[in-house]
Amino acid sequence: MAIKQSELILNPDGSIYHLNLRPENIATNIIFVGDQDRVEKITQLFDSIEFTTQKREFKTSTGIYKGKRISVISTGIGPDNIDIVLNELDALVNINLETREVKENHTALNIVRIGTSGSLQKDIPVDSFLLSSHAIDLNGMLHSYQVDEIAHPEIEDTFVKHTNWSAKKSYPLVIANSTELANKIISDTVFQGITATAGGFYAPQGRILRLGLQDEHLNSKIDSFNFNGIRITNLEMETSAIYGLSKLLGHHAVSMNAIIANRANGTFSENPYKVVENLIEYTLQKLIE
């Protein structure tokens with residue numbers, strides 16, 4: 001059955017609406033970054049670049065790095081942007097844009113997020129790398145989808161009890177990364193833990209300017225949460241959406257975090273740009289191995 005024009009929106013040139021991409025413009029190995037200026041920081045290391053486009057905050061470049069075709073895409077900030085990016089990327093590889101029908105043969109993408117984050121645990125220092133073993137969704141976007149099969153109810157229920165989570169908020173959802181892709185990326189020098197994904201930067205992450213918090217103790221409860229030795233290690237705004245939609249759509253996803261701050265002891269990296277550069281080089285090397 002053909003998907004309606006109002007649901008699958010295309011530009012006049014046949015490209016997907018927000019990303020401005022056609023199927024041939026992307027590789028099956030994709031790096032996500034939040035900042036559009038970070039796209040070039042990655043692709044400047046490529047041997048060649050075959051395609052670049054940008055619409056709004058969504059910038060895409062595809063090229064060759066040491067013989068491997070890779071796309072780099074800026075998603076902007078937040079789970080709502082991830083909802084756009086992942087659904088449109090999936091449409092590019094798994095929907096025939098001309099007939100508007102789902103393809104019989106599924107294509108799985110390998111997606112690695114490279115982002116910056118602050119550690120919540122004293123023993124995860126600034127300038128380190130962290131791979132998100134799981135993400136806990138605190139923003140609710142994923143509940144618009146059928147998520148029962150990707151959820152981890154035991155961890156979720158334990159978290160709700162530990163934090164005395166408000167019933168007026170969306171119920172937290174825990175999603176695991178792609179074990180297959182994580183095994184390719186991980187090394188002994190990389191920390192692991194649960195990444196909490198908030199829907200905003202200020203109150204949703206416990207920051208106070210002029211507005212009070214619904215629960216002023218939530219951050220300390222998040223910091224102290226422990227489920228069979230698994231801790232919440234960092235807080236950001238994209239990973240749960242990437243993990244959840246990738247699982248539902250049949251793609252492989254891993255989130256790599258450059259730890260530039262430690263909120264537990266109040267420290268900040270002396271050279272945060274270098275930490276990100278190191279993580280970029282590390283991730284690219286792992287993708288070609």
Side-chain angles (χ1 to χ4, degrees), residues 8 16 18-19 21 23 25-34 42 58 60 62 68-95 102-103 105-115 117 130-152 155-156 170 172-186 190 192-199 233-234 236-257 279 283 286-287:
L8 175 61
I16 199 81
H18 295 92
L19 299 186
L21 296 170
N25 299 145
I26 62 166
T28 53
N29 293 286
I30 299 175
I31 293 174
F32 281 179
V33 294
I42 298 176
F58 307 117
T60 302
T62 297
K68 198 175 194 72
R69 191 168 184 252
I70 298 174
S71 294
V72 184
I73 300 177
S74 62
T75 65
I77 299 173
D80 51 342
N81 276 14
I82 299 300
D83 183 58
I84 290 171
V85 173
L86 256 164
N87 274 290
E88 293 195 0
L89 285 176
D90 179 77
L92 289 173
V93 296
N94 289 312
I95 297 174
V102 176
K103 296 178 180 179
N105 297 320
H106 177 268
T107 296
L109 301 171
N110 294 316
I111 298 167
V112 180
R113 172 190 179 268
I114 295 179
S117 189
L130 186 142
L131 186 153
S132 306
S133 63
H134 301 74
I136 182 164
D137 186 275
L138 305 180
N139 60 81
M141 186 276 288
L142 288 170
H143 283 291
S144 294
Y145 298 94
Q146 298 175 13
V147 294
D148 289 350
E149 290 187 2
I150 65 170
H152 291 74
I155 305 177
E156 295 156 7
S170 176
L173 175 68
V174 174
I175 315 103
N177 66 21
S178 163
T179 303
E180 178 181 331
L181 187 55
N183 287 340
K184 184 178 179 66
I185 301 292
I186 195 66
V190 176
Q192 293 192 73
I194 300 176
T195 292
T197 299
T233 48
N234 62 314
E236 47 78 89
M237 295 177 62
E238 290 84 31
T239 297
S240 69
I242 295 170
Y243 281 11
L245 290 174
S246 294
K247 287 279 186 183
L248 293 172
L249 291 166
H251 303 299
H252 304 290
V254 163
S255 180
M256 293 293 293
N257 303 270
L279 181 58
T283 303
K286 288 293 184 179
L287 282 175

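Just so you know, these numbers use all the heavy atoms, side chains as well, and skip hydrogens, waters and symmetry mates.
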**Study point:** Which residues share a side-chain hydrogen bond (donor to acceptor under 3.5 Å, both in side chains) with Ser71, sequence neighbours left out
**Key:** Thr62
Point to revise | For Ser170, all residues meeting side chain to side chain contact (heavy atoms under 4.5 Å, CB included), sequence neighbours excluded | key: His143
Practice item. Would you please name every residue forming a side-chain hydrogen bond (donor to acceptor under 3.5 Å, both in side chains) with Ser133, sequence neighbours left out? Key: none
Review point. CD1/Ile42 to CD1/Ile31 distance, rounded to the nearest 0.5 angstrom?
Key: 4.5 Å
Check your understanding: Does His152 have any ring-ring contact (aromatic ring centres under 6.0 Å, His included) partners at least two apart in sequence or in another chain, and if so, which?
Key -> His134
Exercise for review: Could you pull out all residues at least two apart from Ser117 that satisfy side-chain hydrogen bond (donor to acceptor under 3.5 Å, both in side chains)?
Suggested key: Asn234
Practice item. Say whether, by atom type as modelled, one donor and one acceptor occur between the side chain of Asn257 and the main chain of Gly115 under 3.5 angstrom. Key: no
Study note, to complete from the structure: Across all chains, not counting sequence neighbours, the side chain to side chain contact (heavy atoms under 4.5 Å, CB included) partners of Ala253 are Ile111, Ile242, Tyr243, Ser246
Check your understanding: Quick one: side chain to side chain donor-acceptor pair (under 3.5 Å) pairs with a partner in residues 175-186, sequence neighbours left out?
Key -> Ser178-His252
**Study point:** Whether Thr28 side chain and Leu109 backbone form a donor-acceptor pair below 3.5 Å
**Key:** no
Point to revise | Summary of salt bridge (charged side-chain N to carboxylate O under 4.0 Å, His left out) pairs that have at least one residue in residues 238-251, sequence neighbours excluded | key: Arg113-Glu238
Point to revise | Qualifying salt bridge (charged side-chain N to carboxylate O under 4.0 Å, His left out) pairs with a residue from residues 81-95, counting only residues at least two apart or across chains | key: none
Check your understanding: For Asn29, which residues count as a side chain to side chain contact (heavy atoms under 4.5 Å, CB included) partner, sequence neighbours excluded?
Key -> Lys68, Ile70, Asn110
